[in-house]
Amino acid sequence: MAFFRGVSSLSKLRSRIVQQSSLNGSVRWLQMQSASDVDLHLQLKELIPEQQERLKKLKSVHGKVHLGNITVDMVIGGMRGMTGLLWETSLLDPDEGIRFRGLSIPECQKVLPAATPGGEPLPEGLLWLLLTGKVPSKEQVDALSKDLRSRAKIPDHVYKAITSLPETAHPMTQFATGVMALQVQSEFQKAYEKGISKSRFWEPTYEDALNLIAQVSVVASFIYRRMYKNGEIIPADDGLDYGANFSHMLGFDSPKMHELMRLYVTIHTDHEGGNVSAHTAHLVGSALSDPYLSFAAALNGLAGPLHGLANQEVLLWIKSVVEQCGENITKEQLKDYVWTTLNSGKVVPGFGHGVLRKTDPRYTCQREFALKHLPDDPLFQLVSKLYEVVPPILTELGKVKNPWPNVDAHSGVLLNHFGLTEARYYTVLFGVSRSMGICSQLIWDRALGFPLERPKSVTMEWLENFCKKAAS
Ligand code: NMX
Ligand code: MLT
């Protein structure tokens with residue numbers, strides 16, 4: 001199985017291959033790591049040469065194989081359906097949804113270590129999986145949690161850069177500013193200035209990546225407390241894992257909110273490479289811009305309403321429904337509200353997708369969380385009604401390729417239930433999580449020596465002439 005192909009012989013010796021029954025009854029083979037291999041850096045050092053060989057072979061043996069035809073529609077239509085990127089950490093199937101290194105979300109929930117038995121996966125476990133392709137042990141996850149905590153110190157100038165902005169500045173603007181301010185400590189930039197060899201690029205990238213992942217949750221919490229809690233900052237709790245600590249620093253300490261944050265951070269990490277934030281980081285990183293520069297660029301893409309900002313838009317839209325029609329809105333009233341939104345030239349936020357063609361499994365697992373922990377929440381019930389009302393209307397429009405809900409249709413009502421009610425802040429949470437996917441791939445980008453990304457562009461005149469010639 002591709003999931004554990006290419007693992008070094010040393011790692012093989014230390015790992016266990018276990019038989020795991022998957023949800024659909026078939027059998028999967030998972031590589032579980034032995035408890036002793038807690039050094040993530042060392043694991044990567046062992047994995048990288050084999051993956052470099054694998055890529056070299058792919059290029060020399062299959063380099064000229066065609067992957068499909070590019071049509072004029074694709075060039076005009078945002079490159080939809082065009083395969084053009086290599087992205088190792090996850091793969092998106094239009095019907096099935098995301099797989100992180102081969103594992104679906106329900107599978108991750110089953111096999112990744114949790115804080116409590118049967119609880120939600122620890123995001124550090126997913127980070128380990130994204131980086132190595134292997135399911136970590138609890139000991140490895142604990143070691144990674146500890147490593148991240150030791151990297152989470154924020155220089156004062158970062159807070160100064162953020163507070164130089166008005167408190168009313170959008171939280172995503174403050175977040176991107178904070179990440180740019182963190183950049184001054186980039187290990188990659190320092191190493192590059194000293195003339196590090198290309199074969200070692202991945203090492204300072206690894207340091208930057210882990211530092212950045214550790215630091216973004218602290219910076220994000222600072223922004224939240226600054227904007228909504230009179231600047232009363234809550235220090236990190238060194239006894240907590242990444243998700244729980246993030247929730248704690250934001251000011252939410254109920255065990256259920258800790259679980260929600262673990263789930264939230266886990267499922268938003270990665271969504272293959274073509275989405276706006278991941279692709280942006282990959283593109284910027286291809287110029288050998290360090291992970292801070294690349295990730296800040298990604299955040300600016302995530303801040304757009306068709307991408308990550310949709311989670312803000314969904315809760316604001318749901319609240320506007322309640323404001324206008326009350327919590328006990330009927331399906332008929334809801335239909336009218338959806339049509340009013342569409343007729344005023346707006347999109348229904350939280351529905352549709354550039355690749356997915358079925359309900360997003362990230363929506364489904366959040367729905368399951370709600371059914372377990374907040375079945376009677378009125379906004380959750382409204383979200384459930386929307387699931388029935390919106391898809392037939394979008395289908396009726398005739399042009400929407402996917403009428404089903406995406407990840408953003410659900411996250412807001414869960415956060416809102418546990419007291420995190422400030423919708424404008426929601427995209428920052430998405431950004432904290434996305435740092436894990438983006439940074440994992442950036443390490444592999446440098447390890448595999450990916451070149452500068454530079455696709456060819458053409459003009460309308462060029463396309464017209466090309467098509468005329470093709471027709472004659
Ligand atoms: N409401 C109204 N119209 C829609 C919707 C929607 N939810 N989804 C697609 N359409 C329209 C779209 O605007 C386009 O119209 P036109 O031809 O007039 O420009 C038409 O349907 C065809 O679009 P698609 O090919 O189905 O979708 P595309 O791949 O272009 O865009 C999204 C994908 C996600 C941008 C789009 O579905 C959308 O705007 N959804 C609402 C915003 C949203 O939830 N974004 C979050 C996505 C997930 N994330 O976190 O990034
Ligand atoms: C994402 O998580 O990045 C979104 O679902 C958008 C996408 O995949 O295009």
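One-based numbering along the sequence shown. Computed from a prediction, not measured in an experiment: that's the story for all the values here. Just follow the structure's listing: the first ligand is 1, and inside any ligand the first atom is 1.
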Validation row: [X], [Y] side chains within 4.5 angstrom (heavy atoms):
X    : Y    : value
F188 : E207 : no
R99  : E107 : yes
Y224 : E422 : yes
V72  : C467 : yes

Verify [atom]: protein non-hydrogen atom under 4.0 angstrom away:
atom                    : result
atom 2 (C) of ligand 1  : yes
atom 41 (C) of ligand 1 : yes
atom 19 (O) of ligand 1 : no

Residue, atom name and distance, where the atom is the protein heavy atom closest to [atom]:
atom                    : value
atom 50 (O) of ligand 1 : D408 OD2, 2.5 Å
atom 44 (O) of ligand 1 : G350 N, 2.8 Å
atom 6 (C) of ligand 1  : V348 N, 3.7 Å
atom 3 (O) of ligand 2  : R434 NH1, 2.8 Å
atom 43 (C) of ligand 1 : A310 CB, 3.6 Å
atom 9 (O) of ligand 2  : N275 CB, 3.3 Å
atom 8 (N) of ligand 1  : V400 CG1, 3.8 Å
atom 29 (O) of ligand 1 : R80 NE, 3.0 Å
atom 36 (C) of ligand 1 : F351 O, 4.3 Å
atom 51 (O) of ligand 1 : H307 ND1, 2.7 Å

Ring centres under 6.0 angstrom apart ([X], [Y]):
X    : Y    : answer
H248 : F252 : no
H41  : W202 : yes
H353 : H271 : yes
F418 : H373 : no

Below a 4.0 angstrom heavy-atom separation, can you tell me which part of [X], side chain or backbone, both or neither, approaches ligand 1?
X    : value
V276 : neither
L306 : both
L394 : side chain
E313 : neither

Tell me whether H353 has any N or O atom under 3.5 angstrom from an N or O of ligand 2. yes
Give the minimum heavy-atom separation between T205 and L442, together with the two atoms involved. CG2-O, 3.8 Å
Using only heavy-atom distances, determine whether the side chains of [X] and [Y] contain a donor-acceptor pair under 3.5 Å.
X    : Y    : value
N402 : R357 : no
S411 : Y363 : no
Q43  : T132 : no
S247 : D253 : no
T421 : Y228 : no

Based purely on interatomic distance, does K401 place a nitrogen or oxygen under 3.5 Å from a nitrogen or oxygen of ligand 1?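 K401 vs ligand 1: N/O contact under 3.5 Å present.
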Please indicate whether any nitrogen or oxygen in F430 is less than 3.5 Å from any nitrogen or oxygen in ligand 1. no
Give the atom numbers and elements of ligand 1 that come within less than 4.0 Å of a heavy atom of G354. 29 (O), 33 (C)
If the cut-off is 4.0 Å to any non-hydrogen atom of R362, which atoms of ligand 2 fall inside it?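 Matching atoms, with element in brackets: 1 (C), 2 (O), 4 (C), 5 (O).
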Suppose I only count heavy atoms of F430 and a 4.0 Å limit; which atoms of ligand 2 are within that range?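 With F430 as reference, the close atoms of ligand 2 come out as 2 (O).
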Taking the basic N atoms (NZ, or NE/NH1/NH2) and the acidic carboxylate oxygens, is any pair closer than 4.0 Å for K358 and E96? no
Would E332 and K335 pass as an ion pair if we require N to O under 4.0 Å?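 Yes, charged N to carboxylate O under 4.0 Å.
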From the candidates [options], the one that places a heavy atom nearest [atom]:
atom                    : options                : value
atom 13 (O) of ligand 1 : L302, L397, V347, V355 : V347
atom 8 (O) of ligand 2  : H271, H307, H279       : H271
atom 17 (O) of ligand 1 : R362, K346, K399, H353 : K399

Heavy-atom distances under 4.0 Å decide this one: backbone, side chain, both or neither, for H268 against ligand 2?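 The answer is neither.
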Would you say E272 contacts ligand 2, with heavy atoms under 4.0 Å as the rule? no
